[in-house]
Amino acid sequence: MLVFDQLKKNDPQLRLLTAGVLVGLFVLLAGLWWVQIVSAQDYQQHLETQAFRTVRIPAVRGKILDRNGAALAENAPNYSVSLYLDDLRGDFQKEYTRLRPAKLVTNSPPFWKFWNRKRSVQSVRVRLTKDQINALTWQARYDVASNVVAEVGQRLRRPVSLDFRDFAQHYREKLALPYPVVANIDPNLVARFEEQAIAPDGVDLDVQSMRYYPLHNTAVHLLGHLQFDDSSAEGEESYFTYRLPDYRGAVGIEYAFDPYLRGHAGGKSVLVNNQGYRQSESVWEPAEPGSNVVLTLDLQIQHAAERALQHGPQGEKTEGAVVVMDVNTGDVLAMASSPSFDPNYYIDRQSFPPDYYANVVQTDGAEKNRATQENYRPGSIFKPIVALACLENGMNPDAIYDLQPNPRDSAHGYIQIARNLSKRDTAPPGKYNFKRALIHSSNGYFIYHGLMAGNLQKIVELGHEFHLGERMGLGTRQETPGLFPDQKRIHSGWTINDTADLCIGQGYIDVTPLQMCVVASALANGGKVLWPRLVDSIVPQDPLSDGQAIHFPKAQVRDTVNVRPNTFRILREAMLDDTESSEGTAYAAFRGSPVNTELRVCGKTGTAQNEHDGGITYTTWFLSFAPYEHPHYAVVVMVENGSSGGGTCAPIAREVYEAILKKGQSNPAARNLAGN
């Protein structure tokens, strides 16, 4: 061949070049052989010692806003100082070397160094058992980390300690993630930390989004609260090696609209070595923030309702509820329950006293939403429904009923139902037409007419048209259906005493304040039983995003009460006298108030008697709507263990109406919150 022919020539330079090329090829082939054959097992082992760890990244939770855009639940930055343990690997090894025990060994010189018989002293590491090495390794890690943590405490000017068990657990299970040293620090401490020129090795400031209720206990029972839950929601990846802290709704709006508020969690992959230290990371799915939920609540009216409840018989510990609705749209403008608590407790318990849950949250059932979650006998506020039934069946509102004096209490009346059955009355004996009987809340009058043929069936029929004894589908995990008889029940074991009790809101009947506010709205709007509306819309947090807003329709009619318009008119006129007539049970509460002249409230007081643990307790009520001519607002107040509906609940309702009136005067557009 041509190449070999050239090599046969006597050319030393060409032969030297050829030899160099051949040597290079030999070295290259030897290297490939070494890498692919000899070292293949080592590379395979190294590859096997590396692994990916997946981390679930929670999304930023959506806000909860009132109808005017005021934030009731939002997110705040949660600053924490974290320790990145993989940055301390070299320090761990140095500390281990320093702690490793050693001993001095004296060596004699070898025999051939006969001219120098001087002995030498050498430091030699002590041979340790496997358990001793493990204990010393953990001691070195903890010493290094605790020294760094102590330095962080000095910079923050506050004591910070490192718990060995917590540190060891994090090292074993979450080494690739930062270890939180100081969580939820205030901005002053953040500034103090950041102003330091150089942070200690392995220390950095982390910021995460945390749920925050800026108004603390305002509307807490409607908003609900969160509970810790880092599990994957529907539509998310189900398997993650690590999960960053996350929450889900436990009750209230936070629960009912959790799928919208929670957003969509993201994920990232972290490459770790055989010791678990982070090598690199990459986000393969960014988190998508949740949507904002806009309530129908009006913050100004909500504040007024909560302040008014605090003027109850036990102050801040008053056990009661206030519900305010727009009678034409079903919008819930306020829903207050007392006593209350701060929902921030469920997110950051370290900021609260250790006994906060036992002394505040659990005390008197503060977690319970008394507006929707508890059964109460309505007492006399059920009498308007009895009145509708009797008027529809032909009762003459001008006919006189003679209430007889009680033989045991001549200042009050009573009614003899059967030979051995009578019912006491809180009204004085005398002659009553319908209007006077309603404003005096005469038990005898309503029992007498309710016992007439056909009226019980009509009462039950109307009760079901108002949907008493049924849930409203709020979805908040805070709703009870109440109790109300059906036609089958009144034809099976029903007694005359049961009918008498039902006519005055006692016995086989339980309601919630929200149910009775729906009833008040129907009395005001001419018989339309509306679905209560808590949420106006769901909108994306980022208005520039592709997400579509969801709007919930107003004025959704659930049912229509089968009553003539004139019957409603007669009832409303009588209810107006309850606040404007000097004989009315609510007259004292509204006397002299501008509400009485500018809004003209139609109302009905009530006091229900309950048997509890062998004793008697009372539930007091005030059911109302206004203005009389063109109703817009329904206000229902319930207070447990109040003195009376007129003495306890009517003044609370008056305060709410005064706030509504003031709001309308300062903002004329607010007179028609529903746009009517």
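Only this structure's heavy atoms are used, side chains among them; waters, hydrogens and symmetry mates stay out.
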Problem - From E392 atom CD to N566 atom CG, the distance as rounded to the nearest 0.5 Å - result: 9.0 Å
Exercise for the section: Decide side chain to side chain contact (heavy atoms under 4.5 Å, CB included) for R67 and L333; before the verdict, give the C-alpha distance in whole Å, the side-chain angles of both, and the deciding distance to 0.1 Å. Expected result: CA-CA 9 Å; R67 66 189 302 120; L333 304 176; 3.3 Å; yes
Completion exercise
Residue pairs meeting side chain to side chain donor-acceptor pair (under 3.5 Å), one or both in residues 527-536, sequence neighbours left out, come to D331-R533, R533-D536
Exercise for the section: Carefully, step by step, assess M575 and L623 under the rule side chain to side chain contact (heavy atoms under 4.5 Å, CB included). Expected result: CA-CA 10 Å; M575 293 178 68; L623 177 147; 3.7 Å; yes
Handout entry: R424, H412, K383 screened by side chain to side chain donor-acceptor pair (under 3.5 Å) with N443, the one that passes
Key = K383
Practice task
Compare every heavy atom of G249 with every heavy atom of D258, then report the nearest pair and how far apart it is.
Solution key: OD1-N, 2.9 Å
Problem - F484, CZ: over 12 other non-hydrogen atoms inside 6.0 angstrom - result: yes
Practice task
Please report the shortest heavy-atom distance between L530 and V518, naming the atom on each side.
Solution key: O-CG1, 3.6 Å
Problem - L299 vs L215 side-chain heavy atoms within contact, under 4.5 Å - result: yes
Problem - Flag, side chain of N68 to backbone of A70, donor-acceptor distance under 3.5 Å - result: no
Practice task
Using modelled atom types only, decide if a donor and an acceptor are shared between the side chain of E658 and the backbone of V595 within a distance under 3.5 Å.
Solution key: no
Handout entry: Main-chain N/O of S643 paired with T648 side-chain donor or acceptor, under 3.5 Å
Key = yes
Handout entry: Close side-chain approach of F622 and I652, heavy atoms under 4.5 Å
Key = no
Exercise for the section: Please check if atom CZ in F352 has more than 12 non-hydrogen atoms from other residues, nucleotides or ligands closer than 6.0 Å. Expected result: yes
Fill in the blank from the handout: OH of Y618 to CD of Q609, rounded to nearest 0.5 Å, is 4.5 Å
Completion exercise
side chain to side chain donor-acceptor pair (under 3.5 Å) pairs touching residues 503-513, sequence neighbours excluded, are none
Exercise for the section: With rounding to the nearest 0.5 Å, note down the distance linking CZ in R564 to CD1 in I570. Expected result: 8.0 Å
Handout entry: Side-chain touch P429/Q404, heavy atoms, less than 4.5 angstrom
Key = no
Exercise for the section: Examine Y432 together with Y448 and report whether their ring centres are nearer than 6.0 Å. Expected result: no
Handout entry: Any pair counted as side chain to side chain donor-acceptor pair (under 3.5 Å), so long as it reaches residues 578-588, sequence neighbours left out
Key = R436-E583, H440-E583, D578-T585, E580-R600, T585-T605
Exercise for the section: Spell out, as yes or no, whether a donor-acceptor pair under 3.5 Å connects the side chain of R370 to the backbone of A321. Expected result: no
Practice task
Verify whether one side chain among Q302 and E306 offers a donor that lies under 3.5 Å from an acceptor in the other.
Solution key: yes
Practice task
Please work out whether the ring planes of Y376 and W621 are parallel, tilted or perpendicular, with thresholds of 30° and 60°.
Solution key: perpendicular
Practice task
Tell me whether the centres of the aromatic rings in Y345 and Y356 are closer together than 6.0 Å.
Solution key: yes
Practice task
Please indicate whether R489 has more than 12 foreign heavy atoms, meaning atoms of other residues, nucleotides or ligands, lying under 6.0 Å from its CZ.
Solution key: yes
Practice task
Answer yes or no: are there more than 12 heavy-atom neighbours, outside H630 itself, under 6.0 Å from its atom NE2?
Solution key: no
Completion exercise
Output for pair (L222 CG, E254 CD), nearest 0.5 Å, gives 10.5 Å
Exercise for the section: Could you tell me the separation between the CG atom of N375 and the CD atom of Q515, rounded to the nearest 0.5 Å? Expected result: 8.0 Å
Exercise for the section: For L451, enumerate each residue passing the side-chain contact (heavy atoms from CB on, under 4.5 Å) test, keeping only those at least two apart in sequence or located in another chain. Expected result: I417, I447, I496, T499
Problem - S624 versus A520, closest heavy-atom pair with distance - result: O-CB, 3.8 Å
Practice task
Measure across I385 and V519 and return the closest heavy-atom pair with its distance rounded to 0.1 Å.
Solution key: CD1-CG1, 4.0 Å
Problem - Donor-acceptor pair, side chain of E655 and main chain of R307, under 3.5 angstrom - result: no
Practice task
Spell out, as yes or no, whether a donor-acceptor pair under 3.5 Å connects the side chain of E316 to the backbone of T318.
Solution key: no
Practice task
Can you run down the side chain to side chain donor-acceptor pair (under 3.5 Å) pairs that involve residues 450-467, sequence neighbours left out, and say none if there aren't any?
Solution key: N393-N455, K458-E461, H467-E470, H467-D559
Practice task
Rounded to the nearest 0.5 Å, what's the gap from CG on L72 to CG on L295? Could you check?
Solution key: 6.0 Å
Handout entry: Main-chain N/O of E598 paired to N596 side chain as donor or acceptor, under 3.5 Å
Key = no
Exercise for the section: Please confirm whether the backbone N or O of D498 pairs with a side-chain atom of D501, one donor and one acceptor, at under 3.5 Å? Expected result: no
Problem - Under-4.0 Å salt bridge between D326 and K554 - result: no
Problem - Set of residues satisfying ring-ring contact (aromatic ring centres under 6.0 Å, His included) with respect to F552, sequence neighbours excluded - result: none
Fill in the blank from the handout: Taking every heavy atom of G526 against every heavy atom of R572, the minimum-distance pair comes out as N-NH1, 4.2 Å
Problem - Flag for Q478-T372: side-chain donor and acceptor within less than 3.5 Å - result: no
Exercise for the section: Please check if any side-chain donor atom of N641 sits under 3.5 Å from a side-chain acceptor atom of T617, or the reverse. Expected result: no
Exercise for the section: Decide yes or no for Y213 and Y346: does some side-chain heavy atom of the first lie under 4.5 Å from some side-chain heavy atom of the second? Expected result: no
Exercise for the section: Say whether S380 and S441, considering side chains only, have a donor N or O and an acceptor N or O under 3.5 Å apart. Expected result: yes
Practice task
Could you walk me through whether F590 and L599 pass the side chain to side chain contact (heavy atoms under 4.5 Å, CB included) test, one step at a time?
Solution key: CA-CA 11 Å; F590 286 87; L599 283 181; over 6 Å; no
Practice task
Return yes if some donor-acceptor pair links the side-chain N/O of S410 with the main-chain N/O of P405 below 3.5 Å, else return no.
Solution key: no
Practice task
Among S338, P339, S340, S337, find the one that has a side-chain contact (heavy atoms from CB on, under 4.5 Å) with L309.
Solution key: S338
Problem - Pairwise side-chain contact, V529 with V561, heavy-atom cut-off 4.5 Å (strictly under) - result: yes
Practice task
Determine, step by step, whether L502 and F382 satisfy the side chain to side chain contact (heavy atoms under 4.5 Å, CB included) criterion, reporting the C-alpha distance in whole Å, the side-chain angles of both residues, the deciding distance to 0.1 Å, and the verdict.
Solution key: CA-CA 9 Å; L502 184 63; F382 183 70; 4.2 Å; yes
Handout entry: Side chains of V511 and F466 in contact at under 4.5 Å (non-hydrogen atoms)
Key = no
Handout entry: Pairwise side-chain contact, N433 with I400, heavy-atom cut-off 4.5 Å (strictly under)
Key = yes
Exercise for the section: Determine the minimum heavy-atom distance between V332 and P532, stating which atoms define it. Expected result: CG2-CB, 4.1 Å
